[in-house]
Amino acid sequence: MTDLKEFTHVIDGYKLRQVEVLTRPLRPGVQETRYKIMYHALAEGQVRNEIEGAQLLGLDVKGRPFRRFLLEFRRRLFAPLLFLDTETSPNFNTTQKANFECLRKLATFQTLVYRHCPENACILAKSIIELAVQNDVTLVALEMATFLKRYYVERVPDSEQYLYYQAYVERLRLDWLAENKAMESYQAVIAPAVKFKSTQLQISKRAHALVESLSLYKEKCNTIIFVSGYYATRYIGEMARFHWHDAIAVCDEAIRSLNDKLCTSPRIMAVFKVHKVICLTMLDRYTEALRLNSEVIQAEIEGSRNWFLYLDNQLLVSLKATKYQFACETATKIYSSRNFATMPESIKESWTLLAAYLILADRNESINSGIQLEKVLNFRLNKFLNQVPNYSKDKKGLNVPILIAQFLFLLQAKEFDRAHDKLTSLRKYRVKHFNTEDGYYRTQLFIRMLCSVAGTAFNKKLFLKKTVDMIKTVTQIPKGHPDQHFKIEIIPYEILWQWVANCLD
């Protein structure tokens with residue numbers, strides 16, 4: 001009864017905190033708290049911003065009472081997170097459920113330790129360590145093993161148990177060190193890529209050096225975090241060199257390694273599958289890319305952020321593969337989802353650009369969609385045409401597809417003066433941000449071809465004569481080398497060239 005006495009002593013000796021259950025339905029005729037009213041208004045979409053929130057409560061949005069309310073409301077929302085139903089909810093996979101369970105039990109364990117309940121802490125630690133080791137929750141397992149090692153020295157001396165948990169601690173410390181090294185390596189190679197402070201060659205060299213240092217741990221550590229960090233560093237090194245086949249091999253090896261584990265993370269596996277999709281796309285293996293991406297989408301929860309991101313990939317690959325009907329179906333899924341409005345603006349901007357190319361494809365290729373695309377995709381042409389790319393921030397070409405699409409729309413509308421302005425912007429962009437050492441040869445050559453339109457006074461015969469050799473060269477340059485960023489060339493330039501020619505007199 002010692003362990004039960006510990007429990008009653010702690011619970012009886014300290015006041016239990018009451019938690020307001022905000023999720024319970026509002027009751028008619030009952031004066032509910034402001035926090036509960038606000039929670040349900042937010043959940044039902046009745047409040048979209050702070051102004052509407054303040055109006056709901058009859059407060060001044062800039063006043064101190066409303067600011068204090070928001071601070072307290074946020075604090076009250078933390079407590080329910082501990083009681084999320086991870087067991088029956090479809091939003092959590094097996095690995096995530098185990099992680100949540102470990103963390104919840106860890107909070108209980110620490111309470112027991114701090115309130116001097118060693119018997120219960122020991123019982124709980126043994127159940128936690130088993131669950132944590134099975135599911136690669138290394139840091140939690142290490143804390144439990146460290147406690148149990150100390151317990152069998154200080155509380156209940158037992159040399160056999162002490163040596164057992166000492167070996168456990170040494171192994172888990174190695175795993176924890178390996179995991180940290182792997183994640184630090186991954187972050188070290190993506191940080192320069194995000195800020196564009198390193199060339200692709202520099203990123204590749206750094207990645208290969210870090211992979212060499214991680215190889216010391218590879219035979220000793222096989223946790224999910226280490227495997228994901230190790231292989232992610234490897235594939236970045238290969239992709240930075242435009243070695244698409246080698247990057248695919250790394251992704252396949254990572255997927256096999258994760259599949260072989262008793263506990264695996266579907267979402268981490270999805271990351272490697274998505275990068276494989278990118279590599280397949282750069283090699284023009286569109287059918288394989290779309291099949292694999294569809295597999296990733298089906299395994300994800302509909303309406304989640306990842307589901308939208310994977311659909312974004314599918315839309316982009318469909319456009320590259322000129323499978324416009326499939327692209328149209330994908331775009332409709334994105335824009336008709338009720339969760340679309342909750343997506344960040346940066347992601348919506350990406351979809352707007354893809355929507356623009358899909359509409360261009362519809363105008364040039366006549367997609368038999370049976371719907372009004374511009375209405376379904378909420379695409380406002382005037383707004384898109386007046387969008388000004390931010391040259392100071394984008395130095396690696398992501399504004400190029402925006403300028404090209406704007407030019408094509410204006411060319412279709414025979415607005416030659418405005419189209420000429422877009423060509424001037426494209427030329428300045430190429431001169432300022434691209435050079436022959438950067439690669440992007442297809443993109444640079446296509447920009448030159450577009451700029452030649454102005455020199456021909458928008459004459460079709462002269463344009464074809466001026467660009468016939470250039471389009472042959474573009475056709476001979478593989479899309480995957482060295483135009484590394486697969487979001488620049490949304491629809492193959494050979495097809496866009498034909499669309500330009502079709503718009504000219």
Inset, instruction - Please tell me if the side chains of Glu374 and Asp362 come closer than 4.5 Å, counting only heavy atoms from C-beta onward. - result: no
Inset, instruction - Just grab all the salt bridge (charged side-chain N to carboxylate O under 4.0 Å, His left out) pairs involving residues 59-70, residues at least two apart or on different chains. - result: Glu50-Arg67
Legend entry - Lys323 atom NZ: more than 12 heavy-atom contacts under 6.0 Å: no
Legend entry - Flag side-chain contact, heavy atom, 4.5 Å: Gln134 against Leu262: no
Legend entry - With Ala331 via side-chain contact (heavy atoms from CB on, under 4.5 Å) - residues at least two apart: Leu315, Leu358, Leu377
Inset, instruction - Return the set of residues passing side-chain hydrogen bond (donor to acceptor under 3.5 Å, both in side chains) with Glu302 (not counting sequence neighbours), or none when no residue passes. - result: none
Legend entry - Residues that Cys263 engages under side-chain contact (heavy atoms from CB on, under 4.5 Å), provided they are two or more places apart: Asn135, Asp136, Ile224, Lys261
Legend entry - Test item: Tyr231 and Ile255 side chains (from C-beta on) under 4.5 Å apart, heavy atoms: no
Legend entry - Over 12 foreign heavy atoms within 6.0 Å of OH, Tyr357: yes
Legend entry - Non-hydrogen atoms of Ile404 and Tyr493 that approach each other most closely: CD1-CE2, 4.2 Å
Inset, instruction - Would you indicate whether the side-chain heavy atoms of Ile491 and Glu365 approach each other to under 4.5 Å? - result: no
Inset, instruction - Determine the minimum heavy-atom distance between Tyr186 and Ile236, stating which atoms define it. - result: CE1-CD1, 3.6 Å
Inset, instruction - State whether Arg234 and Glu238 are salt-bridged, where the test is any N-O pair (Lys NZ or Arg NE/NH1/NH2 against Asp/Glu carboxylate O) under 4.0 Å. - result: no
Legend entry - All side-chain hydrogen bond (donor to acceptor under 3.5 Å, both in side chains) counterparts of Glu415, not counting sequence neighbours: Arg418
Inset, instruction - May I have all residue pairs that pass ring pair (Phe, Tyr, Trp, His ring centres under 6.0 Å) and include part of residues 261-284, sequence neighbours excluded? - result: Tyr235-Phe272, Tyr235-His275
Legend entry - Pairwise distance CZ(Arg430) to SG(Cys451) - rounded to 0.5 angstrom: 6.5 Å
Legend entry - For the student: nearest non-hydrogen atoms of Gln412 and Arg363, plus distance: OE1-CD, 3.2 Å
Inset, instruction - Taking all heavy atoms of Arg206 and all of Ala188, pick out the closest pair and write down the distance. - result: NH1-O, 3.5 Å
Inset, instruction - Take Arg76 and Glu72 through the test salt bridge (Lys or Arg N to Asp or Glu O under 4.0 Å) and record every step on the way to the result. - result: CA-CA 6 Å; Arg76 293 189 183 212; Glu72 177 61 19; 2.9 Å; yes
Inset, instruction - Could you tell me whether the side chains of Glu489 and Thr443 share a donor-acceptor contact shorter than 3.5 Å? - result: no
Inset, instruction - Not counting sequence neighbours, which residues clear side-chain contact (heavy atoms from CB on, under 4.5 Å) with Ala178? List them please. - result: Tyr217, Cys221, Phe226
Inset, instruction - List the steps and the verdict of side-chain contact (heavy atoms from CB on, under 4.5 Å) for Met144 and Leu106. - result: CA-CA 9 Å; Met144 297 304 102; Leu106 176 62; 3.6 Å; yes
Inset, instruction - Mind running side-chain contact (heavy atoms from CB on, under 4.5 Å) on Asn378 and Arg380 for me, showing each step along the way? - result: CA-CA 6 Å; Asn378 193 27; Arg380 294 192 289 270; 3.7 Å; yes
Inset, instruction - Find out whether Asp312 and Ser350 are in side-chain contact, i.e. whether some heavy atom of one side chain is under 4.5 Å from a heavy atom of the other. - result: yes
Inset, instruction - Identify, with sequence neighbours excluded, every residue that meets side-chain hydrogen bond (donor to acceptor under 3.5 Å, both in side chains) alongside Ser304. - result: Glu300
Legend entry - Flag side-chain contact, heavy atom, 4.5 Å: Asn364 against Gln498: no
Inset, instruction - Find the distance between CZ (Phe66) and CG (Leu56) and round it off to the nearest 0.5 Å. - result: 9.0 Å
Inset, instruction - Could you grab the distance from atom NZ of Lys428 to atom CD1 of Ile447, nearest 0.5 Å is fine? - result: 14.5 Å
Inset, instruction - Please lay out, stage by stage, how Glu143 and Val113 fare under the test side-chain contact (heavy atoms from CB on, under 4.5 Å). - result: CA-CA 12 Å; Glu143 185 169 345; Val113 171; over 6 Å; no
Legend entry - Enclosure of Lys348 NZ (heavy-atom neighbours >12, cutoff 6.0 Å): yes
Inset, instruction - Check the surroundings of atom CG in Asp417: do more than 12 heavy atoms from other residues, nucleotides or ligands lie under 6.0 Å from it? - result: no
Legend entry - Nearest-0.5 Å distance that lies between atom SG in Cys117 and atom CZ in Phe109: 11.5 Å
Inset, instruction - If a pair satisfies ring pair (Phe, Tyr, Trp, His ring centres under 6.0 Å) and one of its residues is in residues 28-51, list it, with sequence neighbours excluded. - result: Tyr35-Phe69
Legend entry - Thr33: side-chain hydrogen bond (donor to acceptor under 3.5 Å, both in side chains) partners, not counting sequence neighbours: Glu20
Legend entry - Pairing of Glu32 and Arg27 as salt bridge, 4.0 angstrom limit: yes
Inset, instruction - Flag yes if more than 12 heavy atoms outside Ile51 fall under 6.0 Å of its CD1 atom; otherwise flag no. - result: no
Inset, instruction - Compare all side-chain heavy atoms of Val400 with those of Phe446 and state whether any distance is below 4.5 angstrom. - result: no
Inset, instruction - Sequence neighbours left out, what pairs pass ring pair (Phe, Tyr, Trp, His ring centres under 6.0 Å) with at least one residue falling in residues 294-319? - result: Phe308-Trp351
Legend entry - Residue pair Leu84 / Arg104, side-chain heavy-atom distance below 4.5 Å: yes
Inset, instruction - Only counting residues at least two apart or in another chain, list the ones meeting side-chain contact (heavy atoms from CB on, under 4.5 Å) with Thr287. - result: Arg291
